[in-house]
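A quick write-up on the structure given underneath.
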Amino acid sequence: MSDSRIVKIHKQIKTLIAVNYASGFSGVDMTGRVIRGSTVEPPYTPFACVSFEEALESYGPTLGRFQSTAVFSVYAYIGGGDVDGRNDNALDLSSDIIKALTNNRQLGLTNGECDDVLCSFTAIDGEKFGLSGIGVGYVKVEVKFQTSDGS
């Protein structure tokens, strides 16, 4: 049985961000450190989780077509010695994640499963939430696609 479009996109986002950013801004290796779903507290750092939030649908550009935007949240956790370091590290890791996702605006998927991807991001000090020594990057990923059946 084949996965739905949303599941394929969710899996692909994880695949694209679970890579080694040694030559990126953060310099960290996220291989094997990304899960689909969410967690209250990261088991280790660096670590990231990708969760599906919602799919918003509207009428398409032509009769019999639907336009959808699937929204995913990426929380990226990374260590840092002080507030500035944690914030900088979270911003750098978020920037690496965005570059990985927007390198191919169709997320590398085929058959028109994804039209475009848009990322917005922020970073906060995990100390605000009891996560000692951890910076948290948040990336909102919006994936646009069209369908003939609304799925």
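Only a predicted model underlies this, so the values are computations on that prediction, with no experimental measurement involved.
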Indicate yes or no: at least one non-hydrogen side-chain atom of I134 is less than 4.5 angstrom from one of I78. no
Honestly curious: do I97 and F25 fall in one hydrophobic cluster under the side-chain, below-4.5 Å linking rule? no
Tell me whether K8 is salt-bridged to D3, with the criterion being a basic N under 4.0 Å from an acidic carboxylate O. no
For side-chain contact (heavy atoms from CB on, under 4.5 Å), just list the numbers for Q146 and D115, CA-CA rounded to whole Å, side-chain angles, deciding distance to a tenth of an Å, and then say yes or no. CA-CA 7 Å; Q146 295 182 40; D115 294 335; 3.4 Å; yes
Can you check whether I35 reaches F47 side chain to side chain, under 4.5 Å on heavy atoms? yes
Can you find a heavy atom in the side chain of S26 that is under 4.5 Å from one in the side chain of N89? no
Could you tell me whether a side-chain N or O of R105 sits under 3.5 Å from a main-chain N or O of D116, the two making a donor and an acceptor? no
For a 4.5 angstrom cut-off between non-hydrogen side-chain atoms, does I98 reach F121? yes
For atom OH of Y44, is the number of surrounding heavy atoms from other residues, nucleotides or ligands below 6.0 Å larger than 12? yes
Answer whether the closest heavy-atom distance between the side chains of H10 and V50 falls below 4.5 Å. yes
In short, side-chain hydrogen bond (donor to acceptor under 3.5 Å, both in side chains) pairs touching residues 120-137 with sequence neighbours left out are R86-D125
Under 3.5 Å, which donor-acceptor pairs do the side chains of residues 69-77 form with other protein atoms, sequence neighbours left out?
| from | atom 1 | to | atom 2 | distance (Å) |
| --- | --- | --- | --- | --- |
| T69 | OG1 | K144 | NZ | 2.9 |
| S73 | OG | E53 | OE2 | 3.1 |
| S73 | OG | Y138 | OH | 3.2 |

Is the closest side-chain heavy-atom distance between F145 and E113 below 4.5 Å? no
For N103, the side-chain hydrogen bond (donor to acceptor under 3.5 Å, both in side chains) test, sequence neighbours excluded, returns none
Checking side-chain polar atoms at under 3.5 Å, does T31 have a donor or acceptor matched by the opposite partner on N20? no
Can you check whether S58's main-chain N or O pairs, donor with acceptor, with Q67's side chain at less than 3.5 Å? no
